[in-house]
Amino acid sequence: RFKDDVLMHHIAGEALRKMDRFSPQHVANTAWAYATLGRRADALFKALEARALQLLQEDAPDFVSLDLALCSWSFAWLEHVGPNSPLLHAIADASLRRLGEFSTQQLANMLWGLDHANYQNSRFFETVVQWCCSRPMSFWQKAAGEEMVSVMTALRPYASGNAQWRELETFFTNETLRPLARFLCTSNSSDGYVQGLRQLRTYHAGALYTSWLFEEIGITFLGDGDD
């Protein structure tokens, strides 16, 4: 990864000077670039957060699903937002209005950010659960295993009242968790292990499904992510 300190410092400074002209796409792309590089730039992210809130509060905010997903993921990845962040509230509200436009990857990134920041909003998550359960299986068949892990982990605590959740969870178990379990039970070289996980497009089961995975492969598990 490219980590030129001087260049990143100058980019941040230039972004701060031009922040009042930033569009939603500018905010999202800048936040994503710094988060992907693991760059903590507090002054820049404070300005990006303020600009994002300003834009999200407009009568017709121009944040598309990709912008919302990138902002959620980026601000959470760098731990710039917490559970009660006004930015996360605004992202959640805007996401509900554009829910039908999300791809599986965008949905996964948006939900991962909210879940990682421990954002709690039952109305939001229950609405997303309902929407997810109403999608045809052809929608989920496009998803990478890692995307399914993020979606299912974020939504499971809010899904108990939805009768259709079991069908989606069964799909997740059969298409993501079982192939991962079978792969982990086979002997492999270091290179083969890495390549195998890449082909599966799944790298872990998530905090709430690791107990199932361990049981499936015959390992005693001492506790789940929510214990």
Side-chain angles (χ1 to χ4, degrees), residues 12 15 19 22 24-57 61 63-99 101-132 143-160 172 203-210 223-227:
M19 191 61 63
F22 266 38
Q25 185 180 20
H26 294 146
V27 171
N29 287 352
T30 303
W32 176 83
Y34 276 77
T36 300
L37 292 173
R39 290 295 183 132
R40 296 184 182 274
D42 289 340
L44 174 62
F45 268 75
K46 286 178 182 177
L48 288 170
E49 180 180 13
R51 180 59 175 165
L53 277 170
Q54 180 186 11
L55 292 168
L56 283 164
Q57 289 167 357
F63 277 79
V64 298
S65 55
L66 178 59
D67 300 333
L68 295 166
L70 292 181
C71 283
S72 178
W73 182 87
S74 301
F75 280 87
W77 176 252
L78 291 180
E79 298 181 344
H80 187 81
V81 290
N84 300 313
S85 165
L87 177 59
L88 293 187
H89 283 296
I91 288 174
D93 287 343
S95 295
L96 290 182
R97 291 192 293 270
R98 290 189 173 271
L99 203 48
E101 303 171 15
F102 277 79
S103 68
T104 55
Q105 183 181 35
Q106 292 163 2
L107 181 68
N109 286 343
M110 182 269 290
L111 289 174
W112 183 92
L114 298 177
D115 186 47
H116 186 73
N118 199 29
Y119 177 71
Q120 297 180 15
N121 181 335
S122 296
R123 181 187 68 85
F124 167 79
F125 285 109
E126 288 168 4
T127 301
V128 177
V129 166
Q130 184 176 2
W131 183 83
C132 287
E146 194 72 5
E147 295 165 10
M148 291 299 300
V149 169
S150 294
V151 171
M152 301 300 286
T153 300
L155 297 183
R156 183 181 176 185
Y158 303 90
S160 59
F172 171 58
Y203 303 96
H204 64 102
L208 303 185
Y209 291 95
T210 296
D224 231 330
D226 56 353
D227 288 347

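Numbers for residues simply follow the sequence, beginning at 1. Everything numeric here is computed off the predicted structure, so don't read it as measured data.
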Exercise: identify the closest heavy-atom pair between [X] and [Y]:
X	Y	result
Pro24	Asp67	CB-OD2, 3.8 Å
Cys132	Leu155	SG-CD1, 3.7 Å
Leu55	Phe22	CD1-O, 3.7 Å
Thr153	Gly206	OG1-CA, 3.9 Å
Tyr119	Pro83	CD1-O, 3.4 Å
Val81	Ala117	O-CB, 4.1 Å

Atom [atom1] in [X], atom [atom2] in [Y]: separation rounded to 0.5 Å?
X	Y	atom1	atom2	answer
Leu99	Thr127	CG	OG1	8.5 Å
Trp77	Arg40	CH2	CZ	9.5 Å
Leu53	Ile91	CG	CD1	8.5 Å
Phe75	Ser85	CZ	OG	8.5 Å
His204	Ser150	NE2	OG	6.0 Å
Leu208	Asp115	CG	CG	7.5 Å

> In terms of the angle between their ring planes, are Phe45 and His80 parallel, tilted or perpendicular, with boundaries placed at 30° and 60°?
Replying inline: tilted
> Do the rings of Trp73 and Trp112 sit parallel, tilted or perpendicular, given the 30° and 60° boundaries?
Replying inline: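 It falls in the tilted class, 30° to 60°.
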> Of all residues at least two apart in sequence or in a different chain, which pass the salt bridge (charged side-chain N to carboxylate O under 4.0 Å, His left out) check with Glu101?
Replying inline: Arg98
> Does the ring centre of His89 sit less than 6.0 Å away from the ring centre of Phe124?
Replying inline: no
> Between Leu56 and Leu87, is a side chain to side chain contact (heavy atoms under 4.5 Å, CB included) present by the stated rule, with each step listed?
Replying inline: CA-CA 9 Å; Leu56 283 164; Leu87 177 59; 4.0 Å; yes
Backbone of [Y] reached by a side-chain donor or acceptor of [X] within 3.5 Å:
X	Y	result
Tyr34	Leu78	no
Ser72	Leu68	no
Gln105	Glu147	no

> Should Trp131 and Leu107 be marked as a side chain to side chain contact (heavy atoms under 4.5 Å, CB included) after you check the CA-CA gap, both sets of side-chain angles, and the distance that decides it?
Replying inline: CA-CA 11 Å; Trp131 183 83; Leu107 181 68; 4.0 Å; yes
> Looking at Phe172, does the NZ or CZ of Arg156 lie under 6.0 angstrom from its six-membered ring centre and within 45 degrees of the ring axis?
Replying inline: no
> Take atom CD in Glu126; do more than 12 heavy atoms of anything else shown fall under 6.0 Å from it?
Replying inline: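 It does: Glu126 CD has more than 12 such atoms within range.
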>> Could you check whether any side-chain heavy atom of Gln120 comes within less than 4.5 Å of a side-chain heavy atom of Tyr158, counting everything from C-beta outward?
In response: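 Side-chain contact under 4.5 Å: yes.
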> What do the steps show when you test Glu79 against His116 for side chain to side chain contact (heavy atoms under 4.5 Å, CB included), and what is the final call?
Replying inline: CA-CA 9 Å; Glu79 298 181 344; His116 186 73; 4.2 Å; yes
> Would Leu114 and Asn121 count as a side chain to side chain contact (heavy atoms under 4.5 Å, CB included) if you check the C-alpha gap in whole Å, the side-chain angles of each, and the deciding distance to 0.1 Å?
Replying inline: CA-CA 10 Å; Leu114 298 177; Asn121 181 335; over 6 Å; no
